[in-house]
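Below is one structure, written out as structure tokens; comments come after it.
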There are 2 protein chains.
Amino acid sequence: MARAITEKADLLPCLAEVFRDYGYEGASLALISQATGLGKGSLYHFFPGGKQEMAEAVLAEIDAWFTTSIFTPLRTTPKAAHAITNMFAATATYFQSGQKICLLGLMGLSETRDRFAERISLYFQHWITALQNALLRLGHNAQKARTLAISSIAAIQGALVLARALNHTDTFNTVLAQAEQACLTL
Amino acid sequence: MARAITEKADLLPCLAEVFRDYGYEGASLALISQATGLGKGSLYHFFPGGKQEMAEAVLAEIDAWFTTSIFTPLRTTPKAAHAITNMFAATATYFQSGQKICLLGLMGLSETRDRFAERISLYFQHWITALQNALLRLGHNAQKARTLAISSIAAIQGALVLARALNHTDTFNTVLAQAEQACLTL
DNA sequence: GTTTCTCTGTACCATTTGGTACAGAGTCTC
DNA sequence: GAGACTCTGTACCAAATGGTACAGAGAAAC
């Protein structure tokens, strides 16, 4: 049989897209098969655990990407203001100004949450903590840093909801700009 | 056969809960039947259009509730500051400080959006416009009123995502308090 | 009491679901 | 070339899916 020369890693973006578009429940194996171009045989070869394992792999990859591209830079970028500005820019790029949604946010809302509760919770905790750290470095007091960090991540998630609901990317950018300004205002 | 003396209106909260917990796709007729205590026969008697009609009825009821309890008061409460404070309070009560999620926000995220796109979009537009109106009355300029209104609704939606993901109601209240303060600060 | 209308449970339907089994084709190693 | 290993398509499975058909029970109207 013809081989598709597919690396497991190359599959993850495809899988992520399906889960993002249809949710965990709505992403049937038929859809996944169609999106990846792989039959069930191949899918179960790469992911013996089935859909659950596919979703876990996707979430793990997203987590890894955010850790290296968002969370770590927030701590290591020398100038705190730069760190924060970069974070908002990278976030806007990643989510394509709201055209792409946050899979972890989506999964946190529906009953799928229970399946991946730990991973979802940690993702947001890490994000909040990393931003809080940068805000402290910027000069905010502990209380304000924590509140601002939580509000900023909430703003990002809410912006994604609004941008999708209104089908309007400007909304996303407006909210992010406002949140960024709040962070940088001492 | 024994009658359950059920009014169609009494069914909607039950249906809403199922859709909220499992999403549109995940809410199977079996789950709906269990939650409402009605067999398929009764369900299809009340909702000949099936699941789609059930969801539409739920969304319509939510829309009606928000119109009378949130949107209209935002315009008609004499003192703008009171209108805004009341809105945040009513919102927190409705969503039980983040323990209950926003069905329209959830549906906006997954592919279910296409099914109810119009309704979802209008819901958020109405909310934003009503809040914007109150912010104008409070003394914000047009630009600021619009930006603040959008950011506030985003904050609420994001707070719901975070509260669920972190399983922490304090997070919800923190974000809402911050948003309310931003609205009331001229 | 009869008729009518509203409601309800059961049985059924085709389709799709996630998942398994397995033979075989490609590729690599020796 | 033999053998092992990786990958892939097909066929199959039991269970669940949304939806339909329908007989009959309860209550209300006459």
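Residue numbers start from 1 in every chain, and the chains themselves are labelled A, B, ... in the order their sequence lines are given, proteins ahead of strands.
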Task: For atom OH of A/Y44 and atom P of C/dT17, their distance in whole Å - done: 12 Å
Open item on the list: Tell me whether B/Q34 at atom CD has more than 12 heavy atoms from other residues, nucleotides or ligands lying less than 6.0 Å away.
Closed with: no
TODO: Return the residues of residues 15-31 of chain B meeting this criterion: a heavy atom under 4.0 Å from some atom of DNA chain D. Order them by number, or give none.
DONE: B/A27, B/S28, B/L29, B/A30
Please list, one pair per line, the donor and acceptor atoms closer than 3.5 Å that link side chains of residues 18-32 of chain A to other protein atoms, with sequence neighbours excluded.
{"unit_1": "A/R20", "atom_1": "NH1", "unit_2": "A/I101", "atom_2": "O", "d": "3.4"}
{"unit_1": "A/Y24", "atom_1": "OH", "unit_2": "A/Q52", "atom_2": "N", "d": "3.1"}
{"unit_1": "A/S28", "atom_1": "OG", "unit_2": "A/L31", "atom_2": "N", "d": "3.3"}

TODO: Enter the distance from B/R113:CZ to B/L109:CG here, rounded to the nearest 0.5 Å.
DONE: 9.0 Å
- [ ] Choose from D/dT20, C/dT8, C/dG19 the nucleotide whose nearest atom is closest to any side-chain atom of B/F46.
- [x] C/dT8
Task: Atom pair distance, as rounded to whole Å: CD in B/Q52 and C1' in D/dG19 - done: 14 Å
TODO: Respond yes when some side-chain nitrogen or oxygen of A/H45 is under 4.0 Å from OP1 or OP2 of D/dC7, and no when none is.
DONE: yes
- [ ] Measure from CD on A/E53 to P on C/dG18 and round the result to the nearest Å.
- [x] 16 Å
TODO: Look at the rings of B/Y94 and B/F66 and say which category their plane angle falls in: under 30° parallel, 30 to 60° tilted, over 60° perpendicular.
DONE: perpendicular
Nucleotide N/O of nucleotides 11-13 of chain D paired with protein N/O under 3.5 Å:
none

TODO: Please check if the side chain of A/S151 supplies one atom and the backbone of B/V175 the other of a donor-acceptor pair under 3.5 Å.
DONE: no
Task: Where B/F71 and B/A130 come nearest, the two heavy atoms and their spacing - done: O-CB, 3.8 Å
Task: Heavy-atom side-chain proximity of A/W127 to A/Q157 below 4.5 angstrom - done: yes
Open item on the list: I want to verify a distance call: between C/dG9, C/dT20, D/dG19, whose nearest atom is closest to the B/S42 side chain?
Closed with: C/dG9
Task: Distance, rounded to the nearest Å, where B/L38 contributes CG and D/dG19 contributes P - done: 16 Å
TODO: Rounded off to whole Å, could you give me the CZ-to-P distance for the B/F47 and C/dC7 pair?
DONE: 12 Å
- [ ] Please answer whether the main-chain N or O of A/A117 pairs with a side-chain N or O of A/S121 as donor and acceptor at a distance below 3.5 Å.
- [x] no
Open item on the list: Any heavy-atom pair between the side chains of A/Q125 and A/I128 that's under 4.5 Å?
Closed with: no
Task: Between D/dT6 (P) and A/L43 (CG): distance, integer Å - done: 18 Å
